[in-house]
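Data block below; observations after.
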Amino acid sequence: MPEDGIKSNCCLSQTEVDQFNSEGYLIFDGFFDKNLNQLLKEDVDQLMTNRANKEETNLMVFPSLGSLTSEPIIVDRVADLMGTTFTHHHIHARWQGKGEPGVSWHHDYEQMPQTNRSHLMVHVFIYLDGLNGEIGDLLVLPGSHQRIMARDAYRQFMHEDLPGSVTIDNLSPGSFVIVHSALQHARRPKPGGETFRRYFIDTSYCQHGILWPAGRRLWHLNQMALDLGWDRNGKYKFLYDNSCFFDPHDYVEKFNTCNQGSLAVHLMEGINSHNEEIKA
Ligand SMILES: [Fe+2]
């Protein structure tokens with residue numbers, strides 16, 4: 001990457017970047033090769049067994065799941081959307097079986113409070129065995145990432161279709177969907193799953209340039225990723241740079257006491273008093 005941190009597209013066409021910016025998501029159907037897909041499934045299976053047995057559940061130490069956080073097939077595409085460097089925020093993994101409940105409409109953009117979309121955060125939804133209309137469909141509301149709203153603004157609609165929403169229920173094994181984290185999405189519960197398991201992993205990345213909310217546990221995991229070599233000989237070291245995070249727990253109580261009226265007034269008061277201090 002050049003010194004200014006700005007890079008040109010390596011994997012995505014400008015049409016894809018434009019589509020992401022307007023719709024808020026991009027689908028990559030069947031992009032993982034069989035070997036990578038199989039190794040990831042084995043890690044998820046082991047993780048689920050460990051959870052049941054109360055054994056190791058830290059995803060970073062699983063060889064395929066940990067290194068997935070810097071998987072070039074994904075992060076080189078995310079880099080094209082970011083246009084600059086970015087930090088890994090989290091990874092979750094599990095498989096979902098028969099009777100899995102749904103998840104109501106929500107978005108996952110980390111901001112406190114929700115006021116703007118100046119910087120990009122993405123989630124990558126990975127479906128190791130694809131989607132086939134069983135257990136749960138992915139619903140997205142294209143363009144909703146451009147509106148500023150609370151994460152649960154559409155929760156009352158549960159997992160019903162919304163005007164303009166899209167149902168994604170047919171993906172090949174080894175597929176992933178990159179979504180703008182502010183995109184409204186849901187999981188609609190579906191019957192089935194007697195034999196099919198809905199393997200699901202999500203990873204997330206935050207664009208550099210601002211501070212993002214992330215609990216200290218996540219900082220610890222990024223340090224662990226460096227220690228384990230998931231930065232691939234330094235090429236992806238930027239992914240585990242915790243300097244773009246703040247721990248929201250340090251701010252919640254104080255913020256709640258001053259979160260009254262228009263925050264722009266508080267912000268300008270702070271800037272003005274800062275400028276007075278500099279003059280004095
Ligand atoms: Fe979500």
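Residues take their numbers from the sequence shown, with the count starting at 1. Below, all heavy atoms of this structure are taken into account, side chains as well, without hydrogens, waters or symmetry copies.
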- Message: Is there a side-chain contact between L65 and V44 in this structure, where contact means two heavy atoms from C-beta onward sitting under 4.5 Å apart?
- Response: yes

- Which atoms form the tightest heavy-atom contact between P248 and G215, and what is the distance? CD-N, 4.1 Å

- Query: Are I91 and H88 side-chain neighbours, meaning at least one heavy-atom pair lies under 4.5 Å?
  - Reply: yes

- Task: Give the intermediate values and the outcome of ring-ring contact (aromatic ring centres under 6.0 Å, His included) for residues F86 and F238.
- Result: CA-CA 7 Å; F86 49 96; F238 64 89; 5.3 Å; yes

- Taking only residues two or more places apart in sequence, or in another chain, which ones meet D43 in a salt bridge (charged side-chain N to carboxylate O under 4.0 Å, His left out)? none

- Establish whether I148 and I210 are linked, either directly or via other cluster members, by ILVMFWY side-chain heavy-atom contacts under 4.5 Å. no

- Query: Just wondering, more than 12 heavy atoms not from R232 lying within 6.0 Å of its CZ?
  - Reply: yes

- Would a hydrophobic clustering, with Ile, Leu, Val, Met, Phe, Trp and Tyr connected at side-chain separations under 4.5 Å, put F28 with V75? yes

- Would H185 and H107 count as a close aromatic pair, with their ring centres under 6.0 Å? no

- Single-linkage hydrophobic cluster M224~L226, side-chain heavy atoms < 4.5 angstrom: yes

- Item | Q114 vs R151 side-chain heavy atoms within contact, under 4.5 Å | yes

- Look only at the side chain of H106 and the backbone of S104, and say whether a donor-acceptor pair between them is shorter than 3.5 Å. yes

- Task: Please answer whether the main-chain N or O of D241 pairs with a side-chain N or O of T87 as donor and acceptor at a distance below 3.5 Å.
- Result: yes

- Query: Which residues satisfy the ring-ring contact (aromatic ring centres under 6.0 Å, His included) test with W105, sequence neighbours excluded?
  - Reply: none

- With sequence neighbours excluded, residues passing salt bridge (charged side-chain N to carboxylate O under 4.0 Å, His left out) with E194: K98

- Note on the structure: Of all heavy-atom pairs linking S70 and Y240, the shortest is CB-OH, 3.3 Å

- Message: Once side-chain hydrogen bond (donor to acceptor under 3.5 Å, both in side chains) is applied, what residue pairs with a partner in residues 57-68 remain, sequence neighbours excluded?
- Response: none

- Query: Would you say the side chains of N50 and Q46 form a donor-acceptor pair under 3.5 Å?
  - Reply: yes

- Is the closest side-chain donor-acceptor distance between N37 and Y199 under 3.5 Å? no

- Item | Backbone N/O of I73 and side chain of E71: donor-acceptor pair under 3.5 Å | yes

- When rounded to the nearest 0.5 angstrom, what distance separates OG in S13 from CD in E16? 4.0 Å

- Message: If I take atom NE2 from residue H119 and atom CD from residue E110, how far apart are they, to the nearest 0.5 angstrom?
- Response: 16.0 Å

- Task: Report yes or no: does Y205 contribute a side-chain atom to a donor-acceptor pair with the main-chain N or O of T69 at less than 3.5 Å?
- Result: yes

- Hey, does the side chain of Q111 reach the backbone of T115 with a donor-acceptor pair shorter than 3.5 angstrom? yes

- Task: With the side chain counted from C-beta on, respond yes when V140 and Q184 share a heavy-atom pair under 4.5 Å apart, and no when they do not.
- Result: no

- Is it true that a side-chain atom of W219 and a backbone atom of A214 form a donor plus acceptor pair closer than 3.5 Å? yes

- Task: Just grab all the ring pair (Phe, Tyr, Trp, His ring centres under 6.0 Å) pairs involving residues 136-156, residues at least two apart or on different chains.
- Result: H145-H180

- Side-chain contact, heavy-atom cut-off 4.5 Å: Q38 with E42? yes

- Note on the structure: The reported gap from SG in C11 to CG in D76 (rounded to nearest 0.5 angstrom) is 4.5 Å

- Message: Rounded at 0.5 Å granularity, tell me how far CG in N259 sits from NE2 in H266.
- Response: 7.5 Å

- Is D129 salt-bridged to R197, cutoff N-O under 4.0 Å? no

- Which other residues belong to the hydrophobic cluster containing M158, where Ile, Leu, Val, Met, Phe, Trp and Tyr are joined when side-chain heavy atoms lie under 4.5 Å apart, directly or via other members? none

- Message: Under the rule for salt bridge (charged side-chain N to carboxylate O under 4.0 Å, His left out), what residues qualify as partners of E100, not counting sequence neighbours?
- Response: R94, R187

If you look only at distance, which donor and acceptor atoms sit under 3.5 Å apart when one is on a side chain in residues 159-174 and the other is two or more places apart or in another chain?
| residue | atom | partner | partner atom | Å |
| --- | --- | --- | --- | --- |
| D161 | OD1 | R188 | NH2 | 2.7 |
| S165 | OG | L162 | N | 2.9 |
| S165 | OG | L162 | O | 2.9 |
| S172 | OG | D29 | OD2 | 2.5 |

Side-chain donor/acceptor pairs under 3.5 Å, residues 120-128, sequence neighbours excluded:
| residue | atom | partner | partner atom | Å |
| --- | --- | --- | --- | --- |
| H123 | ND1 | S181 | OG | 2.8 |

- Start with the C-alpha distance between L81 and L26, add both sets of side-chain angles, then the distance that settles side-chain contact (heavy atoms from CB on, under 4.5 Å), and finish with yes or no. CA-CA 10 Å; L81 298 173; L26 285 173; 4.3 Å; yes

- If you count the non-hydrogen atoms of other residues, nucleotides and ligands that lie under 6.0 Å from NZ in K41, is the total more than 12? yes

- Query: Any chain of hydrophobic side-chain contacts (each under 4.5 Å) joining F245 to Y109?
  - Reply: yes

- Query: Are D250 and R216 close enough for a salt bridge, meaning some N to O gap below 4.0 Å?
  - Reply: yes

- Members besides L263 in its Ile/Leu/Val/Met/Phe/Trp/Tyr cluster (side-chain heavy atoms under 4.5 Å): M112, L211, F246, Y251, V252, F255

- Task: Spell out, as yes or no, whether a donor-acceptor pair under 3.5 Å connects the side chain of S262 to the backbone of V265.
- Result: no

- Message: Test of understanding: with ring-ring contact (aromatic ring centres under 6.0 Å, His included), list the residues that count as partners of F32, not counting sequence neighbours.
- Response: F176

- Message: Is there a side-chain contact between L183 and D108 in this structure, where contact means two heavy atoms from C-beta onward sitting under 4.5 Å apart?
- Response: no

- Message: Would you say CZ of R51 has more than 12 non-hydrogen atoms from neighbouring residues, nucleotides or ligands within 6.0 angstrom?
- Response: yes

- Query: With the 4.5 Å side-chain cut-off for hydrophobic clustering, are L40 and F31 part of the same group?
  - Reply: yes

- Task: Mind checking the CD1-CD1 spacing from I178 to I74? Nearest 0.5 Å is all I need.
- Result: 7.0 Å

- Task: Please tell me if the side chains of H89 and N222 come closer than 4.5 Å, counting only heavy atoms from C-beta onward.
- Result: no

- When every non-hydrogen atom of G102 is compared with those of P189, the smallest separation belongs to CA-CD, 3.6 Å

- Would you say the side-chain atoms of Q96 pair up with the backbone N or O of P101, donor to acceptor, closer than 3.5 Å? no

- So CG of L39 and NZ of K34: to nearest 0.5 Å the spacing works out to 14.0 Å

- Judged by atom type as modelled, is there a donor-acceptor pair below 3.5 Å linking the side chain of W95 to the main-chain atoms of M48? no

- Of all residues at least two apart in sequence or in a different chain, which pass the salt bridge (charged side-chain N to carboxylate O under 4.0 Å, His left out) check with D231? none

- Task: Inspect the surroundings of CD in Q156 and state if more than 12 heavy atoms from other residues, nucleotides or ligands are less than 6.0 Å away.
- Result: yes

- Pairwise side-chain contact, N132 with E134, heavy-atom cut-off 4.5 Å (strictly under): yes

- Item | Side chain D152, main chain R155, donor-acceptor under 3.5 Å | no

- Task: Please indicate whether N256 has more than 12 foreign heavy atoms, meaning atoms of other residues, nucleotides or ligands, lying under 6.0 Å from its CG.
- Result: yes

- Exercise: identify the closest heavy-atom pair between G130 and F196: O-CZ, 3.6 Å

